[in-house]
J.: 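Dumping the structure here so I can ask a few things about it.
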Amino acid sequence: MNAVQPNLAMLKKLLIVAMVMFAFGYAMIPFYKKICEVAGLNNLLQPDTIVEETQQVDTSRLLTVELDANTRGLPWQFKPLQSTVQMHPGELVEVMYEIKNDSGREVTGQAIPSYAPLLVSQYIKKLECFCFTKQVLKPYETRQMPVQFLIESGFPDDISTVSISYTFFELSSDATSSNDVRTKSKI
Amino acid sequence: MAAVHHPDHGHGHEHEHHGPPSGIMRWLTTTNHKDIGTLYLWFSFMMFLTGGVMALTIRSELFQPGLQIVEPEFFNQLTTLHGLVMVFGAIMPAFVGFANWQIPMMIGAPDMAFARMNNWSFWLLPPAALLLISSFFVPGGAAAGGWTLYPPLSTQMGMGMDMTIFAVHILGASSIMGSINIVTTILNMRAPGMTMMKMPLFVWTWLITAYLLLAVMPVLAGAVTMLLTDRQFGTNFFNAAGGGDPIMFQHIFWFFGHPEVYIMILPAFGIVSQIIPTFARKPLFGYSSMVYATASIAILSFIVWAHHMFTVGMPVTAQLFFMYATMLIAVPTGVKVFNWTATMWRGSMTFEAPMLFAIGFIFLFTIGGFSGIVLAVVPVDIQLQETYYVIAHFHYVLVSGSLFALFGGAYYWMPKWTGNMYDETLAKTHFWLSMVFFNLTFFVQHFLGLAGMPRRVPDYALQFADFNMISSIGAFGFGFSQLLFLYVALKCVRGGKKATDQVWEDAEGLEWTLPSTAPYHSFETPPLVK
Amino acid sequence: MKEEANKAVKATPIQVAKAVFWAFFGVRKNSDHAADVELLTLKQVVIGGVIGAALFVGSLLMLVKFMTS
């Protein structure tokens, strides 16, 4: 048989390549999150900084903002205190949401926002939101929470109605997500 | 390729005393590269027919608007499994089968470097295929979120999804072992005088493909492992509620997925680069350009993945980057197409079945390449994303690209494998039927896509009816034409006109110095390549 | 690849850069290529290739910056 030894050496090298690439697949996750953070992408769960000029209120236009609330797999009631709010582009408004724990156990939830139409996400700036942290509710506890936001005045004027929706998901007690950690360190 | 000294002409007969055991045990325990190559080829053809039946069921449902034959849920399972079976079960194992048969013969090696691992990497495939197919019969049915397995769909489905994930794991392990074997064989076991730059292009393309496989199959394994732990063990890689990100899966998947599409086409380039010089009776034009272009395509394939996800939301700078990088891949690919054309230029060409398939490949693959460039343009892609235009594009590169090259290669080397000439008339009929019906099936899908018909739907609006009917008729024609290939192959295995050693006039390369049927052990005494 | 490593003469960085550039384009004269095989070592090709890829990505990024500014 010709030269088994170099073959085995090659086998080892190539196996290491395969294992390194497997690890690389996992390494893409922190890398991806870092890139999103640096590029300011995908920061649904962090407060925005507001640039001065966008604060100008455009009183000539009126936007209707529909507020929506959902829960997914956790025993909470979750609703906005008003279902719609009228606002001018550039105007800072505060709306209140209420959550109530219907169960006899302590439940931790995380709210994930979603906007319609999609274009709004570029223009909406949130200063305060209950979605920035996870919410822990004791048995039968009720809580009211604010969202402070504005929609920048550059918002295209062919859209007059937008929807802001929040969905609460249950976090299992040991699931401290990396997003949570990141958010906390920022605040 | 230079002339070859063959000191030991009669060696096929001396070794009959340690020939293979007979019956099924021969195939279960074989460590012979030719036996394993045969297994790979038959396995992939069976999977090709399986995936084909799924495709025909899909096309039957789409024959007319409305729901006639299958439920939408089952339709989604069919599209998903059709993709997975064709990619991982048919095209990839077929190329590995060619590598097993041809690489040792082409570089003058006695066998593959790790013969037992070779056996193992084949016998992992049938269980994986069984897992995939049987997932249709478990509660909830097979995976139905598309072959790309995007979350959140893939984190929600029933146990069919777990079986798919497990099957992908096994298939990945098999591919990794296969590519380790191929790389080691090519680098360490070449005959004396067979330098890297004398290697046939098929060997070169497989070397580069094997490196690509080694680099990206583990990434896919990682991605589906994350899916599995998200589903079963409460991790939150892709679960938005737990701080994960479903878009991240798409990034990881396509970091695998884009090199994967080159894994499925580079060996096809290699096969075509073997066939064209033989039937044009001229050496391959620009051999080193071909090698360099292959390497260049392989490297570029790692920096274009996000062109599959222009619509998920990314900054315009990223969109432009991936658009430019994608369009630049057309340069080395174009170099290859021009080299093949230049090889044929003023050649004394004859048009046997392998050559017909090779020319069909160049013609149709170029169309697929062009529609790829169209899709690389961000604003156009945003319009065409998830439409039948995309379906038409990747079937032009995968069916008339990879599959045509596979058929061409099969006809080209079949006389060497079986010792008999195949039936040329039937093979040519197979080509022309495939050619006509393929275009009938997929060319009209460009129009459907441009008109806005979405992919992965069991029902569609009335204005798409005519083209869908044409496409379905074409699909049935194409599907049944492939049975002709089965017949030709079986007929060739059973007998026919004896093939000469060289088989084709002016065919060059070490494999043509061996007798036809190729002896069980190819080059026990290494040939000398000048 | 071992044959090449034994060669005493090594390629200059310019030669490596040239080979890598032509490799990215996908075209190479046969005579130049024969010279590459003689001179370049595997290590040089890999390092040259990685630097070439980085430069390629960098120049694309610059182009994109220019287009969007």
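Residue numbers start from 1 in every chain, and the chains themselves are labelled A, B, ... in the order their sequence lines are given, proteins ahead of strands. Note that the structure is predicted; figures quoted are calculated from it, not measured.
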J.: Would one find more than 12 heavy atoms of other residues, nucleotides or ligands at under 6.0 Å from atom CZ of B:Phe285?
T.: no
J.: Of all the heavy-atom pairs spanning B:Tyr292 and C:Trp22, show the shortest one and how long it is.
T.: CD2-C, 4.3 Å
J.: By a 4.5 Å heavy-atom criterion (distance strictly below it), what part of B:Ala325 contacts chain C: side chain, backbone, both, or neither?
T.: both
J.: Report which part of B:Ile297 has an atom under 4.5 Å of a heavy atom belonging to chain C: side chain, backbone, both, or neither.
T.: neither
J.: Answer yes or no: is there a side-chain heavy-atom contact under 4.5 Å between C:Phe56 and B:Ile299?
T.: no
J.: Please check if the number of heavy atoms outside B:Phe338 that lie under 6.0 Å from its CZ is greater than 12.
T.: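 Open.
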J.: Around atom NZ of C:Lys18, are there more than 12 heavy atoms from other residues, nucleotides or ligands closer than 6.0 Å?
T.: no
J.: Using the rule given for side chain to side chain contact (heavy atoms under 4.5 Å, CB included), can you reason through B:Leu328 versus C:Leu60, listing the C-alpha separation, both sets of side-chain angles and the distance that settles it, and then say yes or no?
T.: CA-CA 10 Å; B:Leu328 284 170; C:Leu60 270 188; 4.1 Å; yes
J.: Against chain C, work out which of B:Asn339, B:Leu320, B:Thr333 has the most heavy-atom pairs shorter than 4.5 Å and name it.
T.: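 Heavy-atom pair counts peak at B:Leu320.
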J.: Tell me, yes or no, whether the heavy-atom count around B:Gln383 atom CD, taken from other residues, nucleotides or ligands under 6.0 Å, exceeds 12.
T.: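 No, the 6.0 Å shell around CD holds no more than 12 heavy atoms from other groups.
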J.: Can you tell if the side chain of B:Phe321 reaches within under 4.5 Å of the side chain of C:Val57, non-hydrogen atoms only?
T.: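 Yes, at least one pair of side-chain atoms sits under 4.5 Å.
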